[in-house]
Q: 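Before I ask anything, here is the structure I am working with.
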Amino acid sequence: MKQLETLVDSLLQPTDALVADIASLEGDILILGVGGKIGPSLAKLAKQAVDRSGVKRRVIGVSRLTEPGLKEQLEGYGVEAIAADLLNDADLQALPDVKNVLYLAGTKFGTTGKEAFTWAMNTYLPGRVAEKFKNSRIVVYSTGNVYPFTPVFSGGADESVAPAPIGEYGQSCLGRERIFQHFSGKYNTPVLVYRLNYANDLHYGVLLEIAKAVREERPIDIRMGHVNVIWQGDANEMALRALLHCNVPAKLLNITGPETASVKWIAGEFGKLFGKVPQFSGEEQPTALLSNAAESFRLFGYPKVSTLQMIGLTAAWLQEGGRTIQKATHFQEREGQF
């Protein structure tokens with residue numbers, strides 16, 4: 001396990017390109033919604049890049065900090081941790097005015113039955129944040145769920161494809177984008193809308209879910225028969241570098257891996273590693289939720305961790321008994337019910 005952890009840590013280090021971009025930024029970095037699945041690793045990477053850049057700059061993470069140990073974890077990375085409920089306007093207005101903002105706050109899972117709260121978090125709150133940080137540059141986390149399904153042979157939806165979200169989660173995320181676009185124009189705030197799907201690390205993600213199903217000999221639903229995946233470390237790096245590409249009007253940017261990966265193929269690769277025969281249910285459909293991230297590769301280059309490498313690391317992590325997070329991606333969902 002120690003050898004595996006050392007290897008994974010080496011794949012999470014900031015690249016020279018990231019360090020150079022961080023050095024060229026003006027101002028501190030604020031991460032709103034740092035308590036989610038992505039936030040802590042993003043904050044850690046930002047602090048590492050700042051330290052290596054030699055430029056004195058604060059990295060600040062904001063969340064309710066209700067998860068035990070989160071505050072201590074962030075502070076252990078050298079990140080300043082601020083407890084705040086962003087829906088509480090007094091908490092929001094008390095936050096420091098910072099030049100660089102990464103907006104991760106939002107809700108997805110459990111939205112069915114809590115639609116009103118979903119819209120409050122994903123569409124109302126962005127307006128309050130956009131007003132508060134109108135003098136900042138803002139990278140806004142969004143999702144490929146704003147796109148329609150596309151044919152699996154098409155290469156996925158690029159940024160020119162008109163949104164057509166399925167279900168209230170995707171609709172509320174499009175609302176988030178539209179609100180930030182509105183205030184970007186109103187206040188001349190540079191914004192980049194960062195449409196991510198699907199980030200994977202060893203603790204969670206599409207690959208881990210497929211790996212567990214193969215290992216436990218559970219059938220895998222293949223109605224959504226193809227996916228895009230990206231190493232979370234690569235996605236985090238692109239998010240930080242995206243601060244230099246915020247624009248007015250807001251720039252749209254897809255973030256994911258280069259392959260349209262077959263779920264059956266992924267399962268088959270795990271089957272080889274585990275000595276198992278994958279089991280499937282449902283009928284593979286000719287369309288899927290897919291994104292074309294060619295523009296991000298033009299800006300940042302290709303991800304440094306390949307899909308096959310992620311598969312091998314994920315299998316080894318499970319076999320070594322590594323810790324995982326019980327938060328399913330619901331990548332199989334075709335009706336927008338999260």
Side-chain angles (χ1 to χ4, degrees), residues 28-47 58-71 73-75 77 79-111 114 117-133 136-146 169-170 172-177 179-180 183 189 191-199 201 203-205 232 235-240 242-243 246 255 325 327 329 338:
D28 298 327
I29 299 171
L30 180 70
I31 302 172
L32 299 176
V34 76
K37 292 183 294 186
I38 291 173
S41 64
L42 178 65
K44 181 181 181 181
L45 182 67
K47 186 63 170 67
R58 299 162 70 196
V59 178
I60 307 163
V62 178
S63 85
R64 289 178 297 168
L65 297 180
T66 54
E67 182 179 339
L70 175 60
K71 184 174 187 293
Q73 179 186 11
L74 293 170
E75 291 176 343
Y77 298 151
V79 174
E80 298 177 37
I82 296 177
D85 180 351
L86 296 177
L87 281 173
N88 181 317
D89 203 54
D91 284 2
L92 177 61
Q93 298 307 322
L95 295 177
D97 292 319
V98 171
K99 187 64 177 175
N100 305 288
V101 176
L102 294 110
Y103 182 80
L104 280 65
T107 187
K108 178 178 182 180
F109 305 117
T111 53
K114 296 182 179 178
F117 177 72
T118 298
W119 284 87
M121 279 296 298
N122 291 351
T123 306
Y124 166 75
L125 179 58
R128 305 299 303 137
V129 169
E131 292 265 13
K132 163 67 178 175
F133 294 103
S136 304
R137 63 172 67 89
I138 310 174
V139 170
V140 177
Y141 271 63
S142 187
T143 172
N145 285 89
V146 301
Y169 165 68
S172 70
C173 291
L174 179 59
R176 174 200 294 142
E177 294 186 5
I179 293 298
F180 273 108
F183 285 106
T189 302
V191 167
L192 183 141
V193 176
Y194 176 96
R195 291 174 170 169
L196 172 65
N197 71 305
Y198 287 97
D201 77 0
H203 304 94
Y204 82 96
Q232 183 172 290
N236 285 346
E237 171 149 334
M238 291 178 183
L240 292 167
L243 286 164
C246 295
I255 302 292
I325 299 172
K327 290 185 178 179
T329 63
F338 297 102

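Just so you know, these numbers use all the heavy atoms, side chains as well, and skip hydrogens, waters and symmetry mates. For reference, positions follow the sequence shown, starting with 1.
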Q: So which atom in Pro40 and which in Leu74 form the shortest heavy-atom distance, rounded to 0.1 Å?
A: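 In terms of heavy atoms, the two residues are closest at CA-CD2, 4.1 Å.
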Q: Can you tell me how far the NZ atom of Lys37 sits from the CD atom of Gln232, to the nearest 0.5 Å?
A: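 The CD atom of Gln232 is 8.5 Å from NZ of Lys37, to the nearest 0.5 Å.
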Q: Using the side-chain contact (heavy atoms from CB on, under 4.5 Å) definition, which of the options Arg176, Glu177, Glu131 pairs with Pro126?
A: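 The passing option is Arg176.
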Q: Could you pull out the closest heavy-atom pair between Ala84 and Val62, with the gap in Å?
A: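 Answer, listing the atom of Ala84 first, then Val62: CB-CG1, 3.8 Å.
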Q: Would you say Leu104 and Val34 make side-chain contact, with heavy atoms under 4.5 Å?
A: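 Counting from C-beta outward, Leu104 and Val34 never come under 4.5 Å.
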Q: Ile38 pairs by side-chain contact (heavy atoms from CB on, under 4.5 Å) with which of Leu102, Ile31, Asp201, Leu196?
A: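 Only match with Ile38 under side-chain contact (heavy atoms from CB on, under 4.5 Å): Leu196.
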Q: For a quick test of reading the model, state the closest non-hydrogen atom pair linking Tyr204 to Ala199 and the distance between them.
A: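 Nearest pair, atom of Tyr204 first, then Ala199: CE1-O, 3.7 Å.
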Q: Can you tell me how far OH of Tyr103 sits from CG of Leu32, rounded to the nearest 0.5 angstrom?
A: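 It is 7.5 Å, given to the nearest 0.5 Å.
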Q: Would you call Val139 and Cys246 a side-chain contact if the rule is heavy atoms closer than 4.5 Å?
A: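 Yes, at least one pair of side-chain atoms sits under 4.5 Å.
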Q: How far does NZ of Lys47 sit from CD1 of Ile60, to the nearest 0.5 angstrom?
A: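 CD1 of Ile60 is found 12.0 Å from NZ of Lys47.
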Q: Which heavy atom of Ser63 sits nearest to which heavy atom of Leu70, and what is that distance?
A: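 The pair with the smallest heavy-atom distance is OG-CD2, 3.7 Å.
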Q: Report the distance from atom CD1 of Ile29 to atom CG of Asn100, rounding to the nearest 0.5 Å.
A: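 Taking CD1 in Ile29 and CG in Asn100, the distance rounds to 5.5 Å.
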Q: Do the side chain of Thr123 and the main chain of Ser172 share a donor and acceptor less than 3.5 angstrom apart?
A: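 Yes; judged by distance alone, with no hydrogens or angles, the pair exists.
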Q: Can you find a pair of side-chain heavy atoms, one from Leu42 and one from Tyr141, that are under 4.5 Å apart?
A: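 Leu42 reaches Tyr141 side chain to side chain.
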Q: Is the closest side-chain heavy-atom distance between Tyr169 and Asn122 below 4.5 Å?
A: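 Yes - at least one pair of side-chain heavy atoms lies under 4.5 Å apart.
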Q: Just so I know, are the side chains of Leu87 and Phe117 near enough to count as touching, which here means a heavy-atom distance under 4.5 Å?
A: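 When only atoms from C-beta onward are counted, Phe117 and Leu87 do touch, with a gap below 4.5 Å.
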Q: Just so I know, are the side chains of Leu30 and Asp28 near enough to count as touching, which here means a heavy-atom distance under 4.5 Å?
A: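 Of all side-chain heavy-atom pairs linking Asp28 with Leu30, none is under 4.5 Å.
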Q: Looking at residues at least two apart in the chain, or sitting in another chain, which of them share a side chain to side chain contact (heavy atoms under 4.5 Å, CB included) with Leu92?
A: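 Side chain to side chain contact (heavy atoms under 4.5 Å, CB included) check on Leu92 returns Leu86, Asp89, Leu95, Arg128, Val129, Lys132, Phe133.
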Q: Indicate yes or no: at least one non-hydrogen side-chain atom of Ser41 is less than 4.5 angstrom from one of Asn236.
A: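 The answer is yes, as the side chains (C-beta and beyond) meet within the 4.5 Å cut-off.
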